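See below for the structure under consideration.
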Amino acid sequence: GFLMNPNEYKEDLIIQSYQVFGDENRVIRYENKTITENNLKDCIKDHVDELIYRVPWGKLFKSNIIKDNNIRFHTDIHIGEDTLFMLEYLYYTKSIKYNDSPMYMYKSDTDYSRYTLTPQKAVYIFNQMLHSYNKLSVNSINFIEFIFILYWSLIGPDKSLKYAKEWYND
């Protein structure tokens, strides 16, 4: 949880330092800093592929940005919906504040083996992410690489050759 008063911040997005529990325990601590509109694009370009920019936890959002722009979680997918939400929210963000106090606790779970996607569903999600990413007008090869690797792995190496034509066609 957050022990800070959200009303004391004027920025559109507050990113909280956090503690990770799981296979390895660690603290991810950000320097207290504010990213303004002048350097926001560069910041997003440099960090959009990182976990903290792909997940909604450990953050404070402005409800008016969410309401006014009808930003919602995609309920028709079960993986990647958090990244889609974040990409859509970042599009409307004008400033970001990093908070160095690790008041959020995160239980690490990187086991994607429980997810199985058809190539059609993977391509659909990939296209949704690519569309939202392209709206940001940043060029991050690391983000493109992230989504390619993630969805290629989700259809499984045993299926990748079988469905290569469908991937290619889409």
Side-chain angles (χ1 to χ4, degrees), residues 2 4 6 8-20 24 26-74 76-104 106 108-110 112 115 117 121-155 167-168 170:
F2 289 89
M4 60 185 172
E8 69 186 75
Y9 297 101
K10 63 183 181 309
E11 292 80 15
D12 293 339
L13 179 64
I14 310 300
I15 297 178
Q16 187 68 46
S17 295
Y18 60 97
Q19 296 179 33
V20 178
E24 66 178 85
R26 64 189 189 281
V27 174
I28 306 300
R29 189 180 301 270
Y30 300 110
E31 174 187 336
N32 269 332
K33 66 180 175 181
T34 300
I35 309 298
T36 61
E37 208 165 352
N38 295 338
N39 52 2
L40 186 64
K41 288 275 189 206
D42 287 337
C43 179
I44 291 173
K45 175 186 176 273
D46 293 342
H47 301 288
V48 70
D49 64 303
E50 296 172 16
L51 178 66
I52 200 64
Y53 275 76
R54 297 190 329 255
V55 295
W57 51 258
K59 295 177 186 62
L60 291 176
F61 301 90
K62 284 195 170 175
S63 61
N64 65 308
I65 291 176
I66 293 171
K67 291 175 187 172
D68 294 349
N69 299 292
N70 198 30
I71 302 170
R72 300 289 182 267
F73 282 91
H74 293 245
D76 58 334
I77 59 176
H78 62 275
I79 188 166
E81 72 282 3
D82 46 1
T83 299
L84 277 170
F85 176 88
M86 286 302 304
L87 292 172
E88 291 169 13
Y89 188 87
L90 285 170
Y91 178 75
Y92 297 100
T93 300
K94 303 285 187 244
S95 59
I96 297 173
K97 168 79 174 157
Y98 287 89
N99 189 317
D100 72 345
S101 300
M103 292 184 256
Y104 188 84
Y106 170 70
S108 175
D109 179 12
T110 55
Y112 294 114
Y115 297 109
L117 297 176
K121 192 67 158 183
V123 167
Y124 169 77
I125 296 168
F126 175 82
N127 283 334
Q128 294 294 313
M129 279 194 188
L130 196 57
H131 174 74
S132 293
Y133 162 78
N134 284 335
K135 280 177 58 177
L136 292 174
S137 299
V138 297
N139 185 11
S140 171
I141 192 66
N142 291 338
F143 183 79
I144 299 296
E145 181 182 36
F146 159 75
I147 56 176
F148 267 110
I149 290 170
L150 175 63
Y151 290 103
W152 190 262
S153 68
L154 286 173
I155 65 164
W167 275 92
Y168 177 77
D170 279 340

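No experiment lies behind these values; they were computed from the predicted model shown.
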Please answer whether the main-chain N or O of Phe126 pairs with a side-chain N or O of Gln128 as donor and acceptor at a distance below 3.5 Å. no
Check whether any side-chain N or O of Asp100 sits under 3.5 Å from a backbone N or O of Asn32 as a donor-acceptor pair, and report yes or no. no
Under 3.5 Å, side chain of Asp12 to main-chain N/O of Lys94, donor-acceptor pair present? yes
Hey, what's the ring geometry for Phe143 with Tyr133, parallel, tilted or perpendicular (30° and 60° as the breaks)? parallel
Closest non-hydrogen atom pair between Met129 and Leu87, with its separation: O-CD1, 3.7 Å
Does Phe85 have any ring-ring contact (aromatic ring centres under 6.0 Å, His included) partners at least two apart in sequence or in another chain, and if so, which? Phe61, Phe73
Shortest non-hydrogen contact from Ile96 to Thr93? CG1-CG2, 3.8 Å
In terms of heavy-atom contacts, Ile71 and Ile65 come closest through CD1-O, 3.9 Å
Closest non-hydrogen atom pair, Gln16 against Pro102: NE2-N, 4.4 Å
Classify the ring geometry between Tyr53 and His47 as parallel (under 30°), tilted (30 to 60°) or perpendicular (over 60°). parallel
When you measure from the side chain of Tyr89 to the backbone N and O of Lys62, does any donor-acceptor pair fall under 3.5 Å? yes
Considering all heavy atoms of both residues, which atom of Leu90 and which atom of Leu136 are nearest to each other, and what is their separation? C-CD2, 3.7 Å
Could you tell me whether the side chains of Asn69 and Tyr91 share a donor-acceptor contact shorter than 3.5 Å? no
Sidechain-backbone polar pair: Ser132 side chain, Glu88 backbone, donor-acceptor under 3.5 Å: no
